[in-house]
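Just so we're on the same page: letters track the sequence lines, and every chain starts at 1. Given the structure is predicted, the values throughout are model-derived calculations rather than measurements.
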2 protein chains.
Amino acid sequence: MLASETVENYLKAIYLVQREAATDEAPMGKIAASLGVTPGSATSMVKKLVAARLARHERFGGVRLTARGTRAALDILRRHRLVETFLVDTLGLDWSVVHDEAERLEHAISPLVLDALDRHLGRPAFDPHGDPIPRADGALQESEAMPMSELGVGDAARLVRVLDQRGDSLRFLRASGLKVGAGLRIVAIEPGAGVMRIRPDGGAVVSMSTTAASRVLVRPMRGRG
Amino acid sequence: MLASETVENYLKAIYLVQREAATDEAPMGKIAASLGVTPGSATSMVKKLVAARLARHERFGGVRLTARGTRAALDILRRHRLVETFLVDTLGLDWSVVHDEAERLEHAISPLVLDALDRHLGRPAFDPHGDPIPRADGALQESEAMPMSELGVGDAARLVRVLDQRGDSLRFLRASGLKVGAGLRIVAIEPGAGVMRIRPDGGAVVSMSTTAASRVLVRPMRGRG
DNA sequence: ACCTAGAGTTTGAGTCGTCAAACTCATGTG
DNA sequence: CACATGAGTTTGACGACTCAAACTCTAGGT
Ligand SMILES: [Mn+2]
Ligand SMILES: [Mn+2]
Ligand SMILES: [Mn+2]
Ligand SMILES: [Mn+2]
């Protein structure tokens with residue numbers, strides 16, 4: 001709203017980097033990398049965010065959003081994920097392309113349009129990738145899930161979320177029958193090769209690296225192991 | 001696409017100013033005014049458009065888009081009007097607010113999203129204000145219509161288009177029952193006061209200045225005068 | 001304790017789009 | 001025909017954002 005498109009992108013990037021850091025601080029280099037910008041650019045923008053009381057930062061330390069910064073980031077994340085949901089559910093686009101589209105559209109959505117979109121979509125709680133959609137008041141509840149890579153041979157599970165937003169990853173998953181809500185079973189693990197073999201319900205067995213599998217979140221089901 | 005958001009706004013503005021000029025040339029001052037920018041800013045941007053072969057211009061003369069510039073402007077106009085149609089038809093927003101929303105969204109719509117939107121809306125030919133939507137190939141057909149101000153007392157007509165995009169004008173028209181497609185009849189004209197009185201089908205008589213009425217386009221119907 | 005590799009910061013410069021204010025031009029009225 | 005008026009242009013400056021490259025700090029290993 002008050003923030004420029006660039007500031008919005010930084011806030012969202014810092015929020016996401018911060019979430020995935022153990023220390024809950026976003027390293028400057030990861031912020032820069034996630035925005036495709038040099039570390040120098042990130043440093044100078046973070047200075048502005050600090051001046052605007054949206055982030056805290058001390059020289060050579062990590063970046064942490066303030067309450068206001070976090071609130072703003074969640075607002076942008078809400079726009080992003082509602083737009084993704086709209087693009088898939090209403091317009092029928094593939095889940096592998098909507099992230100990039102939403103990356104631009106998220107900045108052009110007014111509160112009025114956002115609310116109309118939310119109502120039109122039936123106030124969804126999750127986006128097409130299983131990411132939770134922050135509510136209008138900023139509430140965000142992550143779903144209970146574990147990395148698919150932690151399952152054992154014979155374990156059954158339901159796919160609930162895909163963290164990797166890269167188009168080719170998403171296209172591979174869709175082509176394999178691994179979509180949000182799908183059931184699956186681990187049929188083999190090759191620790192030496194770093195590969196696991198997975199059978200989606202009603203589909204053919206596919207192989208994935210365990211690192212790729214660690215970015216796919218599942219909810220285990222009781223099923224004969 | 002290749003053009004920045006600012007360049008897109010200039011192209012669209014020049015196109016629209018050019019269309020309403022008798023000479024088919026856009027005066028620099030009108031371009032500047034329609035964008036809310038100083039004449040100096042418009043002059044320097046037009047220089048860039050000329051360098052990019054999107055417009056032609058000679059010092060102290062009018063601005064005229066090249067074929068490429070016109071094509072680009074029509075593409076932006078298509079995005080703008082399809083977005084407006086979506087906001088009204090799909091999201092249920094009021095026609096008085098969608099222009100400003102579309103002014104931002106039009107720059108964030110990729111060809112992929114545009115086509116999905118077009119299909120979802122049933123490839124509409126007109127936007128909520130009755131403005132024709134340029135086709136994907138750049139074809140644009142203006143509808144046959146005359147200013148309501150040129151009707152005489154007793155004439156019946158159908159409202160086909162509203163040129164004025166100002167929110168309060170549109171809210172007044174909607175509140176009066178004067179929406180696109182509505183029938184109406186002129187019940188009185190006061191040339192001295194510059195006012196005409198109109199009765200929308202099934203509604204109460206309302207007064208409008210003839211200048212306001214000249215921005216409302218109608219198609220006359222055979223009806224007893 | 002040192003010292004180095006890597007992470008982060010600073011500086012200086014460049015692009016884009018804007019404005020204010022000084023300037024130039026075209027025109028039509030006296 | 002002069003010249004005032006208004007339209008358009010130029011200039012110089014600024015803010016927002018970016019990069020390359022020089023610089024500085026921190027941490028880990030020896
Ligand atoms: Mn973005
Ligand atoms: Mn998502
Ligand atoms: Mn616009
Ligand atoms: Mn319109």
statement: Rounded to whole Å, CE of A:Met28 lies from C1' of C:dG6 at a distance of 15 Å
- prompt: Hey, are B:Thr38 and B:Ser41 close enough side-chain-wise for a donor-acceptor pair under 3.5 Å?
  reply: yes
- request: State plainly whether the residues B:Glu103 and B:Lys12 are in salt-bridge range, i.e. N to O under 4.0 Å.
  value: yes
field: Sugar-phosphate only, base, or nothing, as touched by A:Lys30 at under 4.0 Å among non-hydrogen atoms
entry: nothing
message: What is the separation between atom NE2 on B:His107 and atom C1' on C:dC16, rounded to the nearest whole Å?
response: 16 Å
task: Quickly work out the B:Ile31 CD1 to D:dA7 C1' distance and round it to whole Å.
output: 13 Å
message: What I want to check is whether the side chains of B:Thr66 and B:Arg53 have a donor and an acceptor closer together than 3.5 Å.
response: no
- request: Sugar-phosphate atoms are those with a prime plus P, OP1 and OP2; base atoms are the rest. Using that split, label each nucleotide of nucleotides 14-29 of chain D B, S or - for protein heavy atoms under 4.0 Å, 5' to 3'.
  value: --SSBBS---BS----
- request: Kindly give the heavy-atom pair with the smallest separation between B:Glu8 and B:Glu106, and that separation in Å.
  value: OE1-O, 4.5 Å
statement: Residue set satisfying ring-ring contact (aromatic ring centres under 6.0 Å, His included) with B:Tyr10, at least two apart, ordered chain then number -> none
message: Does this structure show an ion pair linking A:Glu5 with B:Arg104, if we count only N-O contacts that are shorter than 4.0 Å?
response: no
- prompt: CG of A:Leu35 versus P of C:dG8: gap in Å, rounded?
  reply: 14 Å
message: For DNA chain D, which residues of residues 15-27 of chain A approach it to below 4.0 angstrom with any heavy atom?
response: none
